[in-house]
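Labels below follow one simple rule: chain letters A, B, ... track the order of the sequence lines, proteins then strands, and each chain is numbered from 1.
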2 protein chains.
Amino acid sequence: MVEYTLDRVFKALADPTRRAILDRLAAGEATVGHLSEPFPLTFAAVSKHLGVLERAGLVIREARGRERVCRIDPAALDDARAWLEFHERFWTERLNALNALVGTGSGKPDGSR
Amino acid sequence: MVEYTLDRVFKALADPTRRAILDRLAAGEATVGHLSEPFPLTFAAVSKHLGVLERAGLVIREARGRERVCRIDPAALDDARAWLEFHERFWTERLNALNALVGTGSGKPDGSR
DNA sequence: AATTTATTTAACTTATTGGTTGAATAACCT
DNA sequence: AGGTTATTCAACCAATAAGTTAAATAAATT
């Protein structure tokens with residue numbers, strides 16, 4: 001369940017345009033038109049990027065009159081951060097333990113080399 | 001500089017096979033062959049995934065005899081975590097502030113609607 | 001030296017992505 | 001009703017990604 005949610009969130013964050021859109025949305029909600037202004041892209045391209053962000057659960061697009069107002073939904077972001085934070089801590093811990101054992105501690109105590 | 005590093009790290013993390021490989025490597029270093037065992041994939045496919053992880057700076061592959069031993073490099077992971085943590089905190093803060101203002105705070109005080 | 005074992009590289013296929021343009025939809029303004 | 005404005009949808013294109021198989025490289029074993 002969280003499985004492919006992570007796929008979508010990380011994939012959404014892997015594009016600099018989408019990260020820039022998220023940064024912009026951090027300053028407050030904005031319409032699609034407003035959001036596409038700073039980019040050398042068509043309206044449609046930005047709309048697609050927003051679709052990706054929306055499907056990843058990072059952004060909510062709400063119809064208001066003839067425009068769509070977008071805003072950040074930080075819940076999905078939290079999934080990704082939680083994954084990274086847990087793994088980073090875990091891995092760093094493991095690596096420290098391994099380094100403390102001269103650096104070859106593959107767990108197999110065969111003593112060779 | 002950090003710019004496309006983030007692209008590569010997030011893209012690398014967007015694939016469940018690659019996340020599984022990283023999880024496996026957290027238990028200690030392993031050869032490519034050893035790593036590909038649990039996956040219904042060819043050797044070559046896993047080797048490619050390791051290439052992606054390596055170019056993202058997440059994994060180091062070191063030749064040892066005729067095999068390649070892989071291990072995690074948590075430095076790049078830290079870049080991603082730092083990005084997410086900063087943004088999450090920032091966004092959540094912003095959202096809380098906005099919510100406190102009834103929810104329409106676009107920053108433009110034109111008073112319409 | 002010949003063979004096996006571990007891994008990568010190359011060539012190829014199929015699917016997905018990021019972009020375009022142009023038509024479609026729907027709301028607002030005369 | 002007719003025209004403009006905001007946005008999406010559909011069709012298309014080029015580039016990338018994820019997988020395959022088969023050949024290439026290089027170390028270990030016999």
Side-chain angles (χ1 to χ4, degrees), chain A residues 3-22 24-25 29-56 58-71 106 108 110 112-113, chain B residues 3-22 24-25 28-71 106 108 110 112-113:
Chain A
E3 190 61 42
Y4 54 71
T5 293
L6 275 181
D7 285 16
R8 287 200 276 236
V9 172
F10 282 132
K11 197 165 290 189
L13 294 177
D15 183 280
T17 301
R18 287 193 290 265
R19 288 199 304 276
I21 289 175
L22 288 174
R24 196 133 206 276
L25 283 178
E29 57 183 33
T31 66
V32 179
H34 196 182
L35 281 172
S36 55
E37 268 169 23
F39 300 107
L41 294 177
T42 59
F43 231 62
V46 173
S47 180
K48 273 181 160 188
H49 278 304
L50 285 167
V52 173
L53 290 166
E54 197 177 41
R55 278 189 295 281
L58 289 164
V59 159
I60 295 168
R61 237 183 321 189
E62 183 191 347
R64 189 179 303 169
R66 76 182 139 181
E67 21 188 55
R68 257 72 157 195
V69 175
C70 308
R71 60 176 179 282
S106 72
K108 198 193 292 177
D110 59 11
S112 63
R113 290 197 56 102
Chain B
E3 188 62 41
Y4 55 69
T5 293
L6 276 181
D7 285 16
R8 288 200 275 235
V9 172
F10 281 132
K11 196 163 290 187
L13 294 176
D15 183 281
T17 300
R18 285 192 292 262
R19 288 198 306 274
I21 289 175
L22 288 174
R24 196 131 206 277
L25 284 178
E29 56 184 32
T31 66
V32 179
H34 197 182
L35 282 173
S36 56
E37 269 169 22
F39 301 107
L41 293 177
T42 59
F43 232 63
V46 172
S47 180
K48 273 180 159 189
H49 278 304
L50 285 167
V52 173
L53 290 166
E54 196 176 42
R55 277 188 297 279
L58 288 164
V59 158
I60 294 167
R61 238 183 320 188
E62 182 191 347
R64 187 179 304 168
R66 76 182 140 182
E67 24 189 50
R68 257 72 158 193
V69 175
C70 308
R71 61 175 180 282
S106 73
K108 199 193 291 176
D110 60 9
S112 64
R113 290 200 58 98

Query raised in the report: His49(B) side chain N/O closer than 4.0 Å to the phosphate oxygens (OP1, OP2) of dA17(D)?
Result: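 No, no such contact exists.
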
Query raised in the report: Hey, is the side chain of Arg64(A) poking within less than 4.0 Å of OP1 or OP2 on dA6(D), counting only N and O atoms?
Result: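 For dA6(D), neither OP1 nor OP2 has a side-chain N or O of Arg64(A) closer than 4.0 Å.
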
When rounded to the nearest 0.5 angstrom, what distance separates [atom1] in [X] from [atom2] in [Y]?
X: Arg55(A); Y: Thr5(A); atom1: CZ; atom2: OG1; value: 13.5 Å
X: Leu25(A); Y: Ile60(A); atom1: CG; atom2: CD1; value: 11.0 Å
X: Asp15(B); Y: His49(B); atom1: CG; atom2: NE2; value: 5.0 Å
X: Glu67(A); Y: His34(A); atom1: CD; atom2: NE2; value: 10.5 Å

Taking atom [atom2] of [N] as reference, at what distance in whole Å does atom [atom1] of [X] sit?
X: Phe39(A); N: dT7(D); atom1: CZ; atom2: P; value: 15 Å
X: Phe10(A); N: dA17(D); atom1: CZ; atom2: P; value: 18 Å
X: Glu62(A); N: dA6(D); atom1: CD; atom2: P; value: 18 Å
X: Asp7(A); N: dA15(C); atom1: CG; atom2: P; value: 19 Å
X: Asp15(A); N: dA15(D); atom1: CG; atom2: P; value: 17 Å
X: Ile21(A); N: dT7(D); atom1: CD1; atom2: P; value: 13 Å
X: Leu41(A); N: dT17(C); atom1: CG; atom2: P; value: 17 Å
X: Lys11(A); N: dG18(C); atom1: NZ; atom2: C1'; value: 13 Å

Report task. Would you kindly compare Pro40(A) and Gly65(A) by the position of their nearest DNA chain C nucleotide and give the one closer to the 5′ end? Result ->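 That would be Pro40(A).
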
Report summary line: Expected string for nucleotides 2-9 of chain C under the B/S/- scheme (protein heavy atoms, under 4.0 Å, primed atoms plus P, OP1, OP2 as sugar-phosphate) is ---BSBBB

When you measure from the side chain of [X] to the backbone of [Y], do you find a donor-acceptor pair of N or O atoms at a distance under 3.5 Å?
X: Ser47(B); Y: Phe43(B); value: no
X: Arg18(A); Y: Lys11(A); value: yes
X: Arg19(B); Y: Leu13(B); value: yes

Query - Minimum-distance nucleotide (side-chain atoms of Thr42(B) versus dG19(C), dA18(D), dT21(D)) - result: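 Among the listed nucleotides, the one closest to the side chain of Thr42(B) is dT21(D).
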
